[in-house]
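Have a look at the structure below before the remarks.
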Number of protein chains: 4
Amino acid sequence: MGAQGKRVPRAVREQQMLDAAVATFARRGYRAASMDEIAEAAGVSKPLVYLYLHSKDDLFTACIRREAAALKAAVRAAVELDGPADRQLWSGLLGFFEHTAAHPDGWTVLYSQARTVGEPFADEVAAMRAEIVEFVRGLIAAAARDADCDDGDLAEREVAALAHALVGAAESLAGRALGGTAASSGRENAATLMNFAWSGLANLMDGRPWTPSR
Amino acid sequence: MGAQGKRVPRAVREQQMLDAAVATFARRGYRAASMDEIAEAAGVSKPLVYLYLHSKDDLFTACIRREAAALKAAVRAAVELDGPADRQLWSGLLGFFEHTAAHPDGWTVLYSQARTVGEPFADEVAAMRAEIVEFVRGLIAAAARDADCDDGDLAEREVAALAHALVGAAESLAGRALGGTAASSGRENAATLMNFAWSGLANLMDGRPWTPSR
Amino acid sequence: MGAQGKRVPRAVREQQMLDAAVATFARRGYRAASMDEIAEAAGVSKPLVYLYLHSKDDLFTACIRREAAALKAAVRAAVELDGPADRQLWSGLLGFFEHTAAHPDGWTVLYSQARTVGEPFADEVAAMRAEIVEFVRGLIAAAARDADCDDGDLAEREVAALAHALVGAAESLAGRALGGTAASSGRENAATLMNFAWSGLANLMDGRPWTPSR
Amino acid sequence: MGAQGKRVPRAVREQQMLDAAVATFARRGYRAASMDEIAEAAGVSKPLVYLYLHSKDDLFTACIRREAAALKAAVRAAVELDGPADRQLWSGLLGFFEHTAAHPDGWTVLYSQARTVGEPFADEVAAMRAEIVEFVRGLIAAAARDADCDDGDLAEREVAALAHALVGAAESLAGRALGGTAASSGRENAATLMNFAWSGLANLMDGRPWTPSR
DNA sequence: CATGAATGAGAATTCATTCAT
DNA sequence: TATGAATGAATTCTCATTCAT
């Protein structure tokens, strides 16, 4: 039924299947997406999907792994390693927003679907997220060192919180961007976050955080 | 089999059912939760659930509406309307974090489940979210006016972005708090965000945002 | 589709389902029998079968248990407990052959199907068989004591072998009777076996077994 | 993946396939055994199995025929044709028990699986069985003639029954031997049956069978 | 107010079998 | 001689939903 010719080598077919699966999972969610639907979208029969990907769970896991790897690769590739720390963070954020904008289905699967389905999948995504948070934390810490040599370890805990909040905010903005509502560009989103992060960082380093004390 | 006595008035039964449904939807997700499971958790027979709540969709909608209303009410009740703007924002955030921590299932249903199931439900949640974003935006704008009379409308667009990012970050932190990983208290989370918001706001008002230009 | 009226109480429906299942398993074998087929034969829809009997495995187990219980009950009821040992054995064999002839499907399920499907089911049948063998062994031993007081324990091992062979031969004859080939009556079969058993027993007691020594 | 080299002559490959099929059918049953499993066990690809053996049914039939032929050959070869009738029967039984013990999978396929799958296969086995029964009947009749010239045809019917019971008991004992429970040797089993058969025969010839008349 | 009995529709998964090379 | 690629047709099992009482 698909337009593809027959007799395609396995590696190629597998990618076609993963493409179809990512699109379908993104649109319908893990549970609502049926293997029939995915097979049809891939232009193959259901048994072939099972022959190559073994089960719905395995298929979903393969999707998550592929998309997570692609996202991580995109971010790493985007970072300008030889610039100053703020420049590195900026380029990483830009890479993140551009990749998620270019692969909305992948992002949806990772962020919206995989996290809500439960144990085995959520863990996979949590691991990827932890990697990214750590990466960002390193950049922020480096930036702090660049700007202010002494007092670096004082902010240890705050730097971690900042990294977490930054990643959370980035995810949130990426989600908004896909929502179609506000077609905010990747540059805009990245700039917003830099403002966030950099000023928060400055306050922290200056030792004058906002407090509820009044 | 239910432990409840028979002949319970309708209003009470409905709340029991909604309680059971929220807990079940939170634990298993919309699709994976079965009406059997929910009826059993509520201690009633399935036909009674249908008699009162009509269908799975309607039941889920009722859950979303109830939890959204409760969250909005909690936030509004927490805001100290007569204080300065930063104090208002602080108290609202605190209310938000305390309510979501006290009602993790409700938060999960709203944030994780309802958004991923698709059209009719996601819209409902989006509307609630929009209300909250608007509320926050108002507070930030007021704070800006408090601090700096002129030049207010210049930042119009940035203020909206800031509100969005703030809400996104709050959601992200609330999600983390439920994850059990970092048992960050509501106070901590609220403080982190105030730092974020206030310093970002200060930069914006001072007209010196971070830019990638270097 | 079945001719039965609707709204039948659960206990009754369950028996109807077991009847249909026994007949179907007997005719087609465990694997080849489909739940669709069984449901149709029972005059109900498939989901009802699952609601009451939970799974194909459980259904088969229920069949085995019911038929095994019925067979054991029939044999025990047939034995004339107050007669001499040979009379008891005779009446038990007669009961066995009459029950298996009257319930050919049950016998087929127990004997042909359950034993070939593997672990969980075969064990169930093996247990029933062991009970019957032990029962027969007791009768033979009693008969030996009746006839000849001394030397009883010498034959211990041979008596067990005899009991086993007798049950095996009985099963074999019961199988033949169902095959439709030789419509041998229960009386004939029982008599054949009594001849077997009694003369073998006599030889054993006389201490002159056949030996290959020449 | 198979360890065999390529380009094996057809006759050899066929035997490899039949070996694998017999083992697989014995372990899993006809329905539960899959062609994939068999092909893998044989170390060849599935299309090759189809090329040589045409279909699952044909493959099973080929298994039955091969194993039946082997069993019959083993029994015939074991019989000492020039001895007295009881010696012939003894040696035949010994051959039977030794062959089935040496080829448990073949015996399982013939006895447990083929008989329960239904029509086309059961007939094949029934035919083999009939041959063996007839062979045994001949031996018993000859033995009767040896011992007692007159009155031979009186027992005609009983001799047939005796042959049937003997074969049935032999099958039962062979089955037990595979069960692993009682590691009864072939000699023991053969001796048990000779005792059975010979004494039953003696009683019949003496015209004093056991009767329920008392 | 409340439920035991029942089902149509669809889900994941497996299997025997074939083609093109 | 031998196989990687591919599928139509079941099969087991679940679920939202309704009726008669």
Side-chain angles (χ1 to χ4, degrees), chain A residues 1-2 5-10 12-13 31-39 43-52 54-57 59, chain B residues 1-2 4-10 12-13 31-39 43-52 54-59, chain C residues 1 5-10 12-13 31-39 43-59, chain D residues 1-2 4-10 12-13 31-39 43-52 54-57 59:
Chain A
M1 273 157 192
K6 308 256 177 147
R7 293 288 131 168
V8 175
R10 174 167 183 155
V12 175
R13 269 280 191 261
R31 293 281 310 210
S34 84
M35 293 298 269
D36 270 299
E37 216 172 341
I38 292 169
V44 297
S45 70
K46 226 185 334 170
L48 199 59
V49 178
Y50 277 91
L51 187 61
Y52 288 171
H54 314 116
S55 75
K56 196 181 184 183
D57 271 31
L59 174 55
Chain B
M1 269 162 195
Q4 292 83 358
K6 309 242 173 162
R7 304 279 140 173
V8 174
R10 172 161 183 158
V12 175
R13 271 276 193 261
R31 292 280 309 207
S34 81
M35 294 298 270
D36 270 297
E37 216 173 342
I38 292 169
V44 298
S45 72
K46 234 185 325 174
L48 199 57
V49 178
Y50 278 90
L51 185 62
Y52 288 173
H54 318 307
S55 78
K56 196 183 185 183
D57 272 29
D58 282 8
L59 173 56
Chain C
M1 271 155 194
K6 308 257 177 146
R7 292 289 130 166
V8 175
R10 175 169 180 153
V12 175
R13 270 279 191 259
R31 292 282 308 212
S34 84
M35 294 298 269
D36 270 299
E37 215 173 342
I38 292 170
V44 297
S45 70
K46 222 184 340 169
L48 200 58
V49 179
Y50 277 92
L51 187 61
Y52 288 171
L53 278 319
H54 314 116
S55 76
K56 196 180 184 183
D57 271 31
D58 281 9
L59 173 56
Chain D
M1 269 159 193
Q4 291 82 359
K6 309 244 173 162
R7 305 278 140 174
V8 175
R10 173 161 185 160
V12 175
R13 270 279 193 260
R31 292 280 310 207
S34 80
M35 294 297 270
D36 269 298
E37 216 174 341
I38 292 169
V44 298
S45 72
K46 236 187 321 177
L48 198 58
V49 178
Y50 277 90
L51 186 62
Y52 287 173
H54 317 307
S55 77
K56 196 182 185 183
D57 272 30
L59 173 55

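Values reported hereafter were calculated over all heavy atoms of this structure, with side chains retained and with hydrogens, waters and symmetry mates removed.
- Atom-to-atom, CE of C/Met35 to C1' of E/dT13 comes out at 16 Å; the value is rounded to the nearest Å.
- Atoms CD (A/Glu37) and P (E/dA9) sit 19 Å apart, rounded to a whole Å.
- Residue A/Ala39 is out of contact with every strand shown, counting any heavy-atom pair closer than 4.0 Å.
- Rounded to whole Å, atom P of F/dC13 lies 12 Å from atom NE2 of C/His54.
- Distances shown here put every side-chain N or O of B/Tyr50 at or beyond 4.0 Å from the OP1 or OP2 atom of E/dA2.
- Below the 3.5 angstrom threshold, one finds a donor paired with an acceptor across the side chain of D/Lys46 and the base of E/dT17.
- Rounded to whole Å, the distance from OH on B/Tyr52 to P on F/dT17 is 19 Å.
- Contact annotation for D/Arg10: no contact, since no heavy-atom pair falls under 4.0 Å across all strands.
- The shortest non-hydrogen separation linking D/Leu51 to D/Arg10 is O-NH2, 4.3 Å.
- In terms of heavy-atom proximity, D/Ala39 sits nearest to D/Ser45 at CB-C, 4.1 Å.
- Here OH of C/Tyr52 is found 16.0 Å from CG of C/Asp58. Values are rounded to the nearest 0.5 Å.
- Here the straight-line distance linking atom OH of A/Tyr50 with atom NZ of A/Lys56 works out to 8.0 Å at 0.5 Å rounding.
- Following rounding to the nearest Å, D/Ile38 (CD1) and E/dC15 (P) show an atom-to-atom distance of 11 Å.
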Checklist line | Canonical and wobble pairing (Watson-Crick, G-U, under 3.5 Å) of DNA chain E, dot-bracket with | | finding: .||||||||||||||||||||
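- Taking 3.5 Å as the limit, the base of E/dT13 and the side chain of A/Lys56 contain no donor-acceptor pair of atoms between them.
- Taking atom CG of residue C/Asp57 and atom P of nucleotide F/dT11, one finds them 17 Å apart after rounding to whole Å.
- Between A/Arg31 and E/dA11 there is no side-chain polar atom (N or O) within less than 4.0 angstrom of OP1 or OP2.
- Minimum heavy-atom separation, B/Lys46 to B/Met35: CG-O, 3.9 Å.
- Nearest approach of B/Ala33 to B/Glu37, heavy atoms of both residues: CA-OE1, 3.9 Å.
- Two residues, B/Ser55 and D/Leu48, neighbour DNA chain F, and the one matched to the more 5' nucleotide by heavy-atom proximity is D/Leu48.
- When each of B/Pro47 and D/Leu51 is assigned the nucleotide of DNA chain F with its nearest heavy atom, D/Leu51 is the one assigned upstream, toward the 5' end.
- Using a 4.0 Å heavy-atom criterion, one finds that C/Ala33 contacts the sugar-phosphate atoms exclusively.
- Taking the nucleotide of DNA chain E with the nearest heavy atom to each of D/Asp36 and A/Asp36, the more 5' of the two is matched to A/Asp36.
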